[in-house]
Amino acid sequence: MQIETKLLSGALGAEIKGIDLTDISDDNFKKINDLLLEHKVIFFRDQPLTAEQHIALAEKFGPLETHAYVKGLEKFPEIVRIIKAEDEKNQWGENWHSDVSYNFKPTKAVILKSIKIPPVGGDTCFSNMELAWETLDGKIKDKIKDKKAIHSSLGAEFFLENYKKMEGNKNKNYNEYSNEHPMVRTHPETGKKILFVNWTYTKEIIGMKREESEEILKQIFEHQTRLDLTCRFTWTENAVCIWDNRSVIHYAIADFYPGKGLGYERVMDRIAIEGDHPQ
Ligand code: SIN
């Protein structure tokens with residue numbers, strides 16, 4: 001089958017046709033991984049993967065991760081089912097972040113499959129952190145290039161309190177914790193420099209006065225979400241998205257306003273692949 005690639009923006013992201021995600025041969029996996037490294041986030045429509053097929057594809061990328069706070073499905077604990085209930089206006093992931101950047105080994109990649117999609121609303125946006133580093137103001141680059149920052153997990157309530165159909169994997173008091181990571185990391189597969197901070201979890205630059213750290217982080221958060229660094233995907237059911245969590249930040253848009261996406265469920269199955277310790 002001929003592979004067709006439609007770019008989603010000039011910054012990153014591509015919708016791919018001509019690849020069957022149930023084919024997990026080494027040859028097909030190489031094509032998928034090459035596309036992922038090139039575009040950073042790739043989308044496939046009409047791929048009705050079973051849970052087993054979803055897991056088998058994810059395992060080609062490496063060992064699977066258990067979410068720090070959220071419980072997986074009873075039968076498939078590797079799968080976190082993200083559910084926005086019909087009457088909920090909020091959505092899991094509705095702010096710019098890189099998944100579990102607070103872990104010692106943040107997620108390498110995520111494979112998200114849509115199960116139920118509202119008629120309108122609930123798109124996901126991505127932003128290219130390689131481009132964000134390239135285009136960052138030179139003075140800020142000089143200040144942060146050898147710095148580390150603290151990423152905080154924010155605790156179980158942050159993940160669960162607003163989402164009535166999602167359950168914790170331990171108990172409600174599961175504590176907040178943090179890890180330090182370089183603000184500019186090197187991609188282990190491409191060797192490219194990546195700006196590795198995000199609005200949701202990055203709290204403080206180590207070795208800088210609090211006011212300066214806050215000011216620089218504020219400027220970086222504005223910069224890294226510039227629209228010209230982003231792409232946006234409108235879901236349909238049985239679509240699959242794979243993102244390179246080392247190279248992008250993302251934002252699940254909760255635009256479920258009365259008479260539109262409100263009154264509908266949005267359901268996604270998420271599998272995350274373990275990453276390495278950022279260098
Ligand atoms: C996430 O932030 O991991 C969820 C993304 C989405 O549901 O679109």
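Note that ligands are numbered from 1 as they come in the structure, with each ligand's atoms numbered from 1 the same way.
- Legend: residues meeting ring-ring contact (aromatic ring centres under 6.0 Å, His included) with Phe76, ordered by chain and number and at least two apart, are absent.
- The side-chain heavy atoms of Val70 and Trp92, taken from C-beta on, include a pair separated by under 4.5 Å.
- For the ligand labelled ligand 1, residue Glu94 lies outside the 4.0 Å heavy-atom shell.
- Nearest protein neighbour of atom 4 (C) of ligand 1, counting heavy atoms only, is Ile82 CD1, 3.8 Å.
- The protein heavy atom nearest to atom 8 (O) of ligand 1 is Thr124 OG1, 2.6 Å.
- Residue contact check: Leu112 has heavy atoms under 4.0 Å from atoms 5 (C), 6 (C), 7 (O), 8 (O) of ligand 1.
- Those atoms of ligand 1 that come under 4.0 Å of a heavy atom in Gly93, given as number and element, are 2 (O).
- For ligand 1, the polar-atom distance check finds no N/O of Trp92 at less than 3.5 Å from any of the ligand's N/O atoms.
- Taking the six-membered ring where tryptophan is involved, the planes of His250 and Trp243 are tilted, since the angle between them lies from 30° to 60°.
- At a heavy-atom cutoff of 4.0 Å, ligand 1 is contacted by the side chain of His250 but not by its backbone.
- Close approach of ligand 1 to Asp99 (heavy-atom distance below 4.0 Å) involves ligand atoms 3 (O).
- Between Tyr69 and Tyr102, the ring planes lie tilted relative to each other; the angle falls in the 30° to 60° range.
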Q | Derivation of the salt bridge (charged side-chain N to carboxylate O under 4.0 Å, His left out) call for Lys30 and Asp26 | A | CA-CA 6 Å; Lys30 185 176 180 328; Asp26 289 349; over 6 Å; no
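- Remark: ligand 1 and Gln91 share no N or O pair separated by less than 3.5 Å (distance only, no angle test).
- Those atoms of ligand 1 with a heavy atom of Ala252 less than 4.0 angstrom away are 5 (C), 6 (C), 8 (O).
- Lys40 forms no cation-pi arrangement with Phe126, by the criterion of a distance under 6.0 Å to the ring centre and an angle within 45° of the ring axis.
- Between Trp243 and ligand 1, no pair of N/O atoms sits closer than 3.5 Å.
- The residue from Arg45, His39, Lys6 that alone fulfils the side chain to side chain donor-acceptor pair (under 3.5 Å) condition with Glu15 is Arg45.
- At a threshold of 4.5 Å between non-hydrogen side-chain atoms, the residues Met166 and Val80 count as touching.
- Closest to atom 7 (O) of ligand 1, if we only count protein heavy atoms, is Arg266 NH1, 2.9 Å.
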